[in-house]
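Proteins get letters first, then strands, A, B, ... in listed order; numbering begins at 1 in each.
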Amino acid sequence: MRVRFAPSPTGALHIGGARTALYNWLLARGSGGRFLLRIEDTDRERSTPENVEQIFDALRWLELDWDEEPIFQSARGERHAEVVQALLDQGLAYRSTAGQDEIKAWHEQHGNRGFRGEDEGEGAVRLRVGDEGAAVVRDVIRGESTFENALQDDLVIARADGTPLYHLAVVVDDHDMGITHVVRGADHYSNTAKQLLILAAMGEEPPLYAHVPLLHGPDGKKLSKRHGAASVQELRERGYLPEAVRNYVALLGWGNEESQEFFTTEELEREFSLERVSKSPAVFDEQKLRHINGRYLRELELDDLTRRLEDLTGREGLRGAAEISQEKISTLADFWPLAGFFFDGPLDDKAAREKILGTPEALDRLTKAREALAAVDEPWTDEALETALQRVLEDTGAKPRQVYQPIRVALAGGTVSPGIFETLRLLGRDEALSRIDAVLNRMSTAADTA
RNA sequence: GCCCCCAUGGUCUAGCGGUUAUGACGCCGCCCUUUCAAGGCGGAGAUCGCGGGUUCGAGCCCCGCUGGGGGUACCA
């Protein structure tokens, strides 16, 4: 089995594209076949080295490795020209200057019958489509459908300047690469009939097709940039893990009988089958991705998590904070808002200060807590801290949150943080006490002036 | 306009002629609890898009309709 992923070089790897890439990759791995990559660049404008590199990069991030060097169409102009010339020579194609206006005029006269042009010896190259017969698309996912030739316009396969159009190019490239299974987005479904026509003219047999349904946004429309994270690059920036993205994306439009939701790559390779891919479009649900991501994130080894957090934030020395934040975050991006105060100082959350520290009672408890903490002899451990604060609770008769929240706001600046004992410990005695003192000062002068 | 496809709770999904219609996300409640999460338990939420058939029996089969999507370029 030989499969390929052939994105157009737009720079961003769309989530839908990532899914078809994954399906192709799983197919190849599961069958011991080959996964090939090809950039479909019949549109020269978009095919910049930067765009191409970005796609490769996204694929690498997902750990979808491919065989061989990718083939660039632009380097293969002769091959396409050769096929076009052969078709011309055999009278299966002709040159015509007819454009959209002529086609429109034709349909006004001939109704639905496909456009049939004259050989003018110049202009774009059109394939002759007979009025007899039909192209039957056989699709592993969606079954069989028939497209009447009579309704099909003679299709353009090369521009007047001789450069190939997409339909010609894919067909030739797939054939030359020996592709056996073409797995791609359903937006190519209707066009498959055209490609079948080209293949037939070339006298070649079609590969097996599988068109995977498109991904939609919450509004039911095709998923695009305006739906938020629509590309794997964006997902990466938002702190999602590649393995979680893979798991989620595999599940979008595919499920097994057990309704299993977490898969290792090995399980996916073994169990994935095109036959079970859903026929209907799925809606990308970032909340579910978050959930899956959280599960993967919590299972990460601490060193691994730390490395990934450091890569994303560009900071170092995150291990301690990572350790106490791991169970509270769902994405890597959740880390900094939760634990950034360790490194950048307390947040300036006025509302939190007023709500938690706005009363004399709260300041009093914080003062007592400060004293208890100052009395903690080394070692400054979670246990020692808990014991000390436990005593404050007993002495004041206050509820835990009435004592812990003021401390939290003093240390973090806001109302959320990792566990309070862990936070105190990680900050260290001096830093913790000085942050508490700073808040105490600030609040009392505020009270004096008020 | 024409061609093709699709249709199970808000979302993803199981189902393959006989089920109290599966599981998950999300939502709500309770438990746990030092905040927020995580975790545990429970709950609400689907006349299986609608209407006709076929059948003793239809989410599953057939027809029509509606809705949605895709295609219809000298775009990919």
Side-chain angles (χ1 to χ4, degrees), chain A residues 6-10 40-43 45-46 96-100 103 107-108 111-114 123-126 137 139 141-143 145-148 151-153 155-167 169-170 185-194 211 213-214 216 218 220-222 248 251-262 276 278-292 294-295 297-298 325-330 334 337-338 352 356 386 389 393 399-405 407-409 412 414-423:
Chain A
S8 58
T10 50
E40 214 65 77
D41 69 341
T42 47
D43 179 351
E45 303 271 300
R46 295 210 295 220
S96 162
T97 58
Q100 286 188 76
I103 308 266
H107 282 119
E108 269 160 21
N112 294 332
R113 186 184 166 217
V125 180
R126 282 183 186 271
V137 178
D139 188 286
I141 296 171
R142 14 190 90 208
S145 15
T146 304
F147 295 77
E148 299 295 335
L151 302 172
Q152 195 80 250
D153 291 335
L155 59 132
V156 178
I157 55 176
R159 301 182 180 93
D161 67 5
T163 55
L165 251 47
Y166 173 77
H167 296 306
V170 254
D187 48 345
H188 288 293
Y189 190 64
S190 301
N191 284 155
T192 305
K194 297 179 180 175
H211 288 88
L214 264 16
H216 288 181
K221 297 286 195 298
K222 195 171 168 179
Y248 174 66
L251 236 35
L252 257 185
W254 178 81
N256 66 358
E257 275 177 67
E258 292 80 39
S259 299
Q260 182 182 348
E261 57 164 355
F262 288 91
R276 289 192 65 88
S278 159
K279 285 189 273 225
S280 53
V283 173
F284 175 70
D285 179 7
E286 195 171 339
Q287 286 195 115
K288 186 152 185 173
L289 206 211
R290 261 190 86 79
H291 169 80
I292 291 177
R295 293 271 305 249
L297 191 41
R298 268 168 253 123
S325 302
Q326 184 164 21
E327 63 173 9
K328 295 178 184 294
I329 59 178
S330 293
D334 289 346
L338 179 73
I356 305 298
E386 180 163 13
L389 291 175
L393 252 35
K399 297 232 182 293
R401 63 185 305 154
Q402 293 176 316
V403 171
Y404 297 152
Q405 276 303 79
I407 300 174
R408 191 183 312 280
V409 172
T415 55
V416 298
S417 81
I420 198 70
F421 312 122
E422 293 89 336
T423 298

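Nucleotide U47(B) is matched to nothing when pairs are restricted to Watson-Crick or G-U wobble geometry with both distances under 3.5 angstrom. Applying the Watson-Crick and G-U wobble criteria (two distances, each under 3.5 Å), C2(B) pairs with G71(B). With both pairing distances under 3.5 Å, A7(B) is matched to U66(B) as a Watson-Crick or G-U wobble pair. Across all strands shown, C60(B) forms no Watson-Crick or G-U wobble pair with both key distances under 3.5 Å. A 3.5 Å limit on both hydrogen-bonding distances identifies C28(B) as the Watson-Crick or G-U partner of G42(B).
When heavy atoms are screened at a 4.0 angstrom cut-off, I420(A) is found touching base atoms of the nucleic acid. Among the heavy atoms of the strands, none lies under 4.0 Å from R113(A). Contact annotation for L214(A): backbone-only contact, meaning every heavy-atom pair under 4.0 Å involves sugar-phosphate atoms and none involves a base. Within the nucleic acid shown, K222(A) comes within 4.0 Å of sugar-phosphate atoms alone, with no base atom in reach, counting heavy atoms only. T10(A) comes within 4.0 angstrom of no nucleic acid atom, judged by non-hydrogen atoms across all strands. G185(A) comes within contact range of no nucleotide atom at all, as no heavy-atom separation falls under 4.0 Å. Nucleic acid contact for F421(A): base, since at least one base atom lies under 4.0 Å from a heavy atom of the residue. Using a 4.0 Å heavy-atom cutoff across all strands shown, P418(A) reaches at least one base atom of the nucleic acid.
As rounded to whole Å, 12 Å separates atom C1' of U34(B) from atom CD of Q402(A). Across the protein-nucleic acid pair, R401(A) atom CZ and U33(B) atom P stand 14 Å apart, rounded to whole Å. Regarding Q260(A), its CD atom lies at a distance of 15 Å from the C1' atom of C12(B), rounded to whole Å. Nucleotide U34(B) holds its P atom 8 Å from the CD atom of E386(A), rounded to whole Å. Between Q405(A) atom CD and U33(B) atom P there is a gap of 17 Å when expressed in whole angstrom units. Between L393(A) atom CG and U34(B) atom P there is a gap of 9 Å when expressed in whole angstrom units. The separation between H216(A) atom NE2 and U13(B) atom P is 12 Å, rounded to whole Å. For the pair H107(A) NE2 and G71(B) P, the interatomic distance rounds to 18 Å; values are reported in whole Å.
In the model, S8(A) has no side-chain atom that pairs as donor or acceptor with a side-chain atom of T10(A) under 3.5 Å.
Scanning for ring pair (Phe, Tyr, Trp, His ring centres under 6.0 Å) contacts around F147(A) gives an empty result, with sequence neighbours left out. Checked against side chain to side chain donor-acceptor pair (under 3.5 Å), N191(A) has no partners two or more places apart in sequence or in another chain. The ring pair (Phe, Tyr, Trp, His ring centres under 6.0 Å) search around H188(A) returns Y166(A), not counting sequence neighbours.
Rounded to whole Å, the P atom of G59(B) lies 13 Å from the corresponding atom of U47(B). Nucleotides C75(B) and C61(B) have their P atoms positioned 42 Å apart, rounded to a whole Å. G40(B) and C25(B): their P atoms are spaced 9 Å apart (whole Å). Taking the C1' atoms as reference points, A44(B) lies 29 Å from U35(B), given to the whole Å. For the P atom pair drawn from G49(B) and C6(B), the interatomic distance equals 14 Å after rounding to whole Å. Look at the P atom in both A76(B) and A7(B): the space between them is 31 Å, to the nearest Å. Comparing the same atom, C1', in G71(B) and in G18(B) gives a spacing of 41 Å after rounding to whole Å. Annotation: A46(B) and G15(B) have their C1' atoms spaced 14 Å apart (nearest Å).
A distance-only check finds no donor-acceptor pair linking the side chain of R295(A) to the backbone of F262(A) [under 3.5 Å]. At distances below 3.5 Å, at least one donor-acceptor pair connects side-chain atoms of R408(A) with backbone N or O atoms of P418(A).
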Original post:
Which letter, B, S or -, goes with each nucleotide of nucleotides 1-9 of chain B from 5' to 3', with contact meaning a protein heavy atom under 4.0 Å?
Top reply: -SSSSSS--

Original post:
Could you run down nucleotides 37-50 of chain B 5' to 3' and tag each one B, S or - for protein heavy-atom contact under 4.0 Å?
Top reply: BSS-----------

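When each of F284(A) and G255(A) is assigned the nucleotide of RNA chain B bearing its nearest heavy atom, the one mapping closer to the 5' terminus is F284(A).
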**OP:** Before giving the answer on salt bridge (Lys or Arg N to Asp or Glu O under 4.0 Å), spell out for R290(A) and D334(A) the whole-Å C-alpha distance, their side-chain angles and the decisive distance to 0.1 Å.
**Re:** CA-CA 11 Å; R290(A) 261 190 86 79; D334(A) 289 346; 2.7 Å; yes

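Minimum interatomic distance between H107(A) and G114(A) (heavy atoms only, all atoms of both residues): NE2-CA, 4.2 Å. Taking both residues in full, the closest heavy atoms of P213(A) and A186(A) are given as CA-CB, 4.0 Å, listed atom of the first, atom of the second, then distance. Across all their heavy atoms, L393(A) and P400(A) have their closest contact at CD1-CA, 3.9 Å. The shortest heavy-atom contact between R298(A) and I329(A) is NE-O, 4.3 Å. The two residues Y248(A) and V283(A) make their nearest non-hydrogen contact at OH-O, 4.0 Å. When every heavy atom of A124(A) is checked against every heavy atom of V156(A), the shortest pair comes out as CB-CG1, 3.8 Å.
How far CG of L297(A) is from CD1 of I292(A): 13.5 Å, rounded to the nearest 0.5 Å. Annotation: the span from I157(A) atom CD1 to K194(A) atom NZ amounts to 12.5 Å, rounded to 0.5 Å.
Here A24(B) is the nucleotide among U35(B), G71(B), A24(B) with the atom lying nearest to any side-chain atom of E261(A). Taking every side-chain heavy atom of Q287(A) into account, C25(B) is the closest of U35(B), A24(B), C25(B).
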Protein-nucleic acid N or O pairs under 3.5 Å, nucleotides 72-76 of chain B:
unit_1, atom_1, unit_2, atom_2, d
C74(B), OP2, R126(A), NH2, 3.3
C74(B), O2, A160(A), N, 3.0
C75(B), OP2, R159(A), NE, 2.8
C75(B), OP2, R159(A), NH2, 3.2
A76(B), OP1, T42(A), O, 3.1
A76(B), OP1, T42(A), OG1, 2.6
A76(B), OP1, R159(A), NH2, 3.1
A76(B), OP2, Y166(A), N, 3.0
A76(B), O5', T42(A), OG1, 3.0
A76(B), O3', E40(A), O, 3.2
A76(B), O2', S8(A), OG, 3.2
A76(B), N6, H167(A), NE2, 3.4
A76(B), N6, N191(A), OD1, 2.7

